[in-house]
Trainee: 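This is the structure I want to talk about, given as structure tokens.
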Amino acid sequence: MSKVQIGLVQMSCESDKQANLNKAIREIRVAAKKGAQIVCLQELFTSLYFCDVEDYDNFKLAEAIPGPSTSALQEIAKELGVVIIASLFEKRAEGLYHNTTAVIDADGSYLGKYRKMHIPDDPAYYEKFYFTPGDLGYKVFKTKFATIGILICWDQWYPEASRITALMGAEIMFYPTAIGWATDQDEETNKDQYNAWQTIQRSHAVANGVPVVSVNRVGFEQDGAMKFWGGSFATNAQGKLLYLGSHDDEETVVVEIDKNESDFFRMHWPFLRDRRIDSYQPITKRFIDED
């Protein structure tokens with residue numbers, strides 16, 4: 001099966017965790033009805049983006065993985081015969097939390113999880129207060145329809161993460177994400193930020209010859225101080241946009257991706273073949289200087 005139908009669910013969230021989960025399940029049904037075989041949800045889709053503040057009460061949003069949300073999603077995955085990519089706030093142990101994505105196969109089986117490796121600590125994105133950096137390494141998951149690689153939001157800025165995931169055999173790369181604009185910014189800055197975000201991810205597709213799917217939340221949060229910019233998208237293995245989402249509206253769409261194109265593009269633009277892996281040892285340094 002070379003062609004895979006990918007469902008992208010771009011939605012706004014509210015403060016009620018169960019309501020967000022129910023909404024996501026409704027949209028998974030919509031995507032499946034449109035023919036989706038793999039459905040990707042946005043980062044931390046069961047809640048508002050709570051990392052804008054450092055508040056201990058927000059740890060109450062976390063849950064075990066597998067746990068209640070994955071159990072509900074396993075039921076719907078089995079019923080509809082779809083793969084589900086679900087980004088959740090994981091409580092691993094007392095006082096130990098991760099930003100984690102669970103992968104559920106089309107028969108409802110839980111395939112495993114990826115823990116976000118790169119954790120930001122910026123104004124309105126205080127994730128290091130909540131999340132321990134991932135310790136599972138980079139991951140791929142062999143689902144019914146494709147071998148998929150998962151990275152999460154801040155990971156999307158790092159070509160090293162996408163390269164390793166591609167080298168592990170990912171046929172499609174997915175990025176659940178939550179990013180937006182401060183509403184007091186000027187429009188030119190907004191455009192520059194969004195273009196940088198989209199460009200870096202499309203470059204991962206080009207460099208690795210792997211389709212990329214990025215799913216972002218939408219809507220105003222943080223008492224109107226943040227507009228999550230939506231703009232979810234999917235590319236082919238050459239970085240060509242196959243779908244570009246709205247900056248304002250909730251959308252559930254299905255995009256066809258042809259896995260066979262990776263072989264074609266890698267043959268004609270042989271970036272993987274031509275890599276000088278013997279020269280890359282310095283990449284493990286923080287900075288190349290005398291210290």
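Please read all numbers here as calculations on a predicted model, not as lab measurements.
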Trainee: Nearest 0.5 Å please: distance from the OG atom of Ser47 over to the CG atom of Leu21.
Mentor: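 Between atom OG of Ser47 and atom CG of Leu21 there are 11.5 Å.
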Trainee: Using the side chain to side chain contact (heavy atoms under 4.5 Å, CB included) rule, take Lys91 and Glu63 through it: C-alpha gap first, then chi angles, then the decisive distance, then the call.
Mentor: CA-CA 5 Å; Lys91 182 175 183 179; Glu63 61 182 275; 5.8 Å; no
Trainee: Please test Phe141 against Ile85 for side chain to side chain contact (heavy atoms under 4.5 Å, CB included), starting from the C-alpha separation and ending with a verdict.
Mentor: CA-CA 11 Å; Phe141 302 88; Ile85 299 166; over 6 Å; no
Trainee: Do Tyr114 and Leu88 sit in the same hydrophobic cluster, where Ile, Leu, Val, Met, Phe, Trp and Tyr count as joined when their side-chain heavy atoms come under 4.5 Å apart?
Mentor: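 No, Tyr114 and Leu88 fall in different hydrophobic clusters.
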Trainee: Could you please spell out the steps behind the side chain to side chain contact (heavy atoms under 4.5 Å, CB included) verdict for Lys113 and Thr70?
Mentor: CA-CA 11 Å; Lys113 57 193 167 190; Thr70 53; over 6 Å; no
Trainee: Between Leu73 and Ile76, which heavy-atom pair has the shortest distance, and what is it?
Mentor: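 Leu73 and Ile76 have their closest heavy atoms at O-CG2, 3.1 Å.
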Trainee: Counting only heavy atoms not in Lys17, do more than 12 sit closer than 6.0 Å to its NZ atom?
Mentor: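 Yes, NZ of Lys17 has more than 12 neighbouring heavy atoms, counting only those of other groups under 6.0 Å.
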Trainee: Under a 3.5 Å distance rule, please check whether Arg266 uses its side chain to pair with a backbone N or O of Asn208 as donor and acceptor.
Mentor: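 Checking the backbone N and O of Asn208 against the side chain of Arg266, a donor-acceptor pair under 3.5 Å is found.
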Trainee: Val210 and Ser262: which non-hydrogen atoms are nearest, and at how many Å?
Mentor: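 Shortest heavy-atom separation between Val210 and Ser262 comes out as CA-OG, 4.1 Å.
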Trainee: Hydrogens and angles aside, do Glu43 and Ser87 bring a side-chain donor and acceptor to less than 3.5 Å of each other?
Mentor: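 Judged by distance alone, the side chains do not pair up.
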Trainee: Angle between ring planes, Phe89 versus Phe131, binned at 30° and 60°: parallel, tilted or perpendicular?
Mentor: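 Taking Phe131 first and then Phe89, their aromatic rings stand perpendicular (interplane angle over 60°).
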Trainee: Go through the steps to decide whether Tyr158 and Met117 satisfy the test side chain to side chain contact (heavy atoms under 4.5 Å, CB included), and finish with yes or no.
Mentor: CA-CA 10 Å; Tyr158 298 90; Met117 295 284 278; over 6 Å; no
Trainee: Restricting to non-hydrogen atoms, name the atom on Phe45 and the atom on Asn20 that form the minimum distance, rounded to 0.1 Å.
Mentor: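 Closest approach of Phe45 to Asn20: O-CB, 3.4 Å.
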Trainee: Out of curiosity, Asp263 CG to Ser2 OG, how far, rounded to the nearest 0.5 Å?
Mentor: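 It comes to 11.5 Å.
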Trainee: If you define the side chain from C-beta out and look only at heavy atoms, does anything of Gln185 sit under 4.5 Å from Gln193?
Mentor: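 Result yes, sub-4.5 Å side-chain heavy-atom pair found.
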Trainee: Within the distance-only criterion (no hydrogens, no angle test), does the side chain of Ser232 pair as donor or acceptor with the backbone N or O of Asn216 below 3.5 angstrom?
Mentor: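 Indeed, once roles are kept as given, a pair shorter than 3.5 Å links the two residues.
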Trainee: Relative to each other, are the rings of Trp157 and Trp154 parallel, tilted or perpendicular (30° and 60° limits)?
Mentor: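 Aromatic pair Trp157/Trp154 classed perpendicular.
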Trainee: May I ask whether Val254 and Ile6 are part of the same hydrophobic cluster, defined by side-chain heavy atoms of I, L, V, M, F, W, Y residues being less than 4.5 angstrom apart, directly or through others?
Mentor: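 Not linked; separate clusters.
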Trainee: Counting only heavy atoms not in Lys144, do more than 12 sit closer than 6.0 Å to its NZ atom?
Mentor: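 Not more than 12 within 6.0 Å, no.
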Trainee: Is a side-chain N or O of Asp186 found less than 3.5 angstrom from the main chain of Glu188, in a donor-acceptor match?
Mentor: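 A pair under 3.5 Å: yes.
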Trainee: Any non-hydrogen side-chain atom of Ser214 less than 4.5 Å from a side-chain atom of Gln198?
Mentor: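 Ser214 vs Gln198: side chains apart.
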Trainee: Calculate, to the nearest 0.5 Å, the distance between atoms CE and OG belonging to Met173 and Ser162 respectively.
Mentor: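 Interatomic distance, Met173 CE to Ser162 OG, rounded to 0.5 Å: 5.0 Å.
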Trainee: Ignoring hydrogens and angles, tell me if any N or O in the side chain of Asp105 forms a donor-acceptor pair with the backbone of Gly108 under 3.5 Å.
Mentor: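 Judged by distance alone, no pair lies under 3.5 Å.
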Trainee: What class does the angle between the rings of His247 and Tyr194 fall in, given that below 30° is parallel, 30 to 60° is tilted and above 60° is perpendicular?
Mentor: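 Correct class here is perpendicular.
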Trainee: Indicate whether any N or O donor in one side chain lies under 3.5 Å from an N or O acceptor in the other, for Thr177 and Gln156.
Mentor: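 Note: Thr177 and Gln156 side chains meet the donor-acceptor criterion.
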Trainee: Rounded to the nearest 0.5 Å, what separation is found between the CD atom of Gln37 and the CD atom of Glu256?
Mentor: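 Gln37 atom CD to Glu256 atom CD measures 9.0 Å (nearest 0.5 Å).
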Trainee: Might you point out which heavy atoms bring Val213 and Ala234 nearest each other, and give the distance in Å?
Mentor: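 Closest approach of Val213 to Ala234, heavy atoms only: CG2-CB, 4.2 Å.
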Trainee: Are Tyr97 and Phe129 close enough that their ring centers fall under 6.0 Å?
Mentor: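 That pair fails the under 6.0 Å test.
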Trainee: Can a donor-acceptor pair be found, under 3.5 Å and without considering hydrogens, that links the side chain of Arg217 to the backbone of Ala178?
Mentor: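 Looks like no, no N/O pair under 3.5 Å.
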Trainee: Can a donor-acceptor pair be found, under 3.5 Å and without considering hydrogens, that links the side chain of Gln74 to the backbone of Ile104?
Mentor: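 The answer is no, because no donor-acceptor pair under 3.5 Å joins these two groups.
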Trainee: Count I, L, V, M, F, W, Y as connected when their side-chain heavy atoms are under 4.5 Å apart, and connections chain through other members. Are Tyr138 and Ile148 then in the same cluster?
Mentor: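 Yes; tracing contacts between hydrophobic side chains, which count when under 4.5 Å, links both residues.
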Trainee: Pick out which of Val212, Ile152, Val215 makes a side-chain contact (heavy atoms from CB on, under 4.5 Å) with Tyr175.
Mentor: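 Option passing the side-chain contact (heavy atoms from CB on, under 4.5 Å) with Tyr175: Val212.
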Trainee: Other residues, nucleotides and ligands only: do more than 12 of their heavy atoms fall within 6.0 Å of CG on Asp122?
Mentor: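 Yes, CG of Asp122 has more than 12 neighbouring heavy atoms, counting only those of other groups under 6.0 Å.
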Trainee: Counting C-beta onward and ignoring hydrogens, is there a side-chain heavy-atom pair between Arg26 and Met11 closer than 4.5 Å?
Mentor: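 No, too far: nothing below the 4.5 Å cut-off.
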Trainee: Report, as yes or no, whether the 6.0 Å neighbourhood of atom CD on Glu187 holds more than 12 heavy atoms from other residues, nucleotides or ligands.
Mentor: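 Above 12, so yes.
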Trainee: Indicate yes or no: at least one non-hydrogen side-chain atom of Leu41 is less than 4.5 angstrom from one of Thr101.
Mentor: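 Answer no - side chains too far apart.
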Trainee: Determine the minimum heavy-atom distance between Cys153 and Lys116, stating which atoms define it.
Mentor: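 The answer is CB-NZ, 3.7 Å.
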Trainee: If the plane angle is over 60° it's perpendicular, under 30° parallel, otherwise tilted; pick one for Trp197 and Phe233.
Mentor: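 It falls in the perpendicular class, over 60°.
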Trainee: Should we count NZ of Lys34 as having more than 12 external heavy atoms under 6.0 Å?
Mentor: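 Yes - once you tally the heavy atoms of other residues, nucleotides and ligands closer than 6.0 Å, there are more than 12.
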Trainee: Counting N and O atoms only, with roles assigned by atom type, does the side chain of Gln10 sit under 3.5 Å from a partner on the main chain of Val218, one being a donor and the other an acceptor?
Mentor: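 The answer is no, because no donor-acceptor pair under 3.5 Å joins these two groups.
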Trainee: Quick check for you: to the nearest 0.5 Å, what is the distance between Phe265 atom CZ and Lys240 atom NZ?
Mentor: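 Nearest 0.5 Å value for the CZ-NZ distance: 8.0 Å.
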Trainee: Determine the minimum heavy-atom distance between Thr165 and Lys139, stating which atoms define it.
Mentor: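 Looking at all heavy atoms of both residues, the closest pair is CG2-O, 3.9 Å.
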Trainee: Taking Tyr49 as the fixed residue, which of Phe228, Tyr130, Phe220, Tyr126 is the one that meets the ring-ring contact (aromatic ring centres under 6.0 Å, His included) rule?
Mentor: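 Among Phe228, Tyr130, Phe220, Tyr126, the one meeting ring-ring contact (aromatic ring centres under 6.0 Å, His included) with Tyr49 is Phe228.
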Trainee: Give me the one residue out of Glu127, His118, Arg115 that meets side-chain contact (heavy atoms from CB on, under 4.5 Å) with Asn99.
Mentor: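 Result: among Glu127, His118, Arg115, Glu127 is the only option passing the side-chain contact (heavy atoms from CB on, under 4.5 Å) with Asn99.
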Trainee: Between Ser203 (side chain only) and Ile200 (backbone N and O only), is there a donor and an acceptor less than 3.5 Å apart?
Mentor: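 Present.
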Trainee: Any chain of hydrophobic side-chain contacts (each under 4.5 Å) joining Ile150 to Phe145?
Mentor: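 Ile150 and Phe145: one cluster.
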Trainee: With rounding to the nearest 0.5 Å, note down the distance linking CG in Asn190 to OG1 in Thr183.
Mentor: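 Result: 9.5 Å between the selected atoms.
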Trainee: If hydrophobic clusters are built by linking Ile, Leu, Val, Met, Phe, Trp and Tyr wherever their side-chain heavy atoms come under 4.5 Å apart, do Leu111 and Ile65 end up in the same one?
Mentor: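 Cluster IDs for Leu111 and Ile65 differ.
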Trainee: Any side-chain heavy-atom pair from Arg275 and Tyr280 closer than 4.5 angstrom?
Mentor: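 They are in side-chain contact.
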Trainee: Answer yes or no: is there an ion pair linking Lys227 with Asp248, defined by an N-O contact shorter than 4.0 Å?
Mentor: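 Looking at Asp248 together with Lys227, the answer is yes, because their closest N to O distance falls below 4.0 Å.
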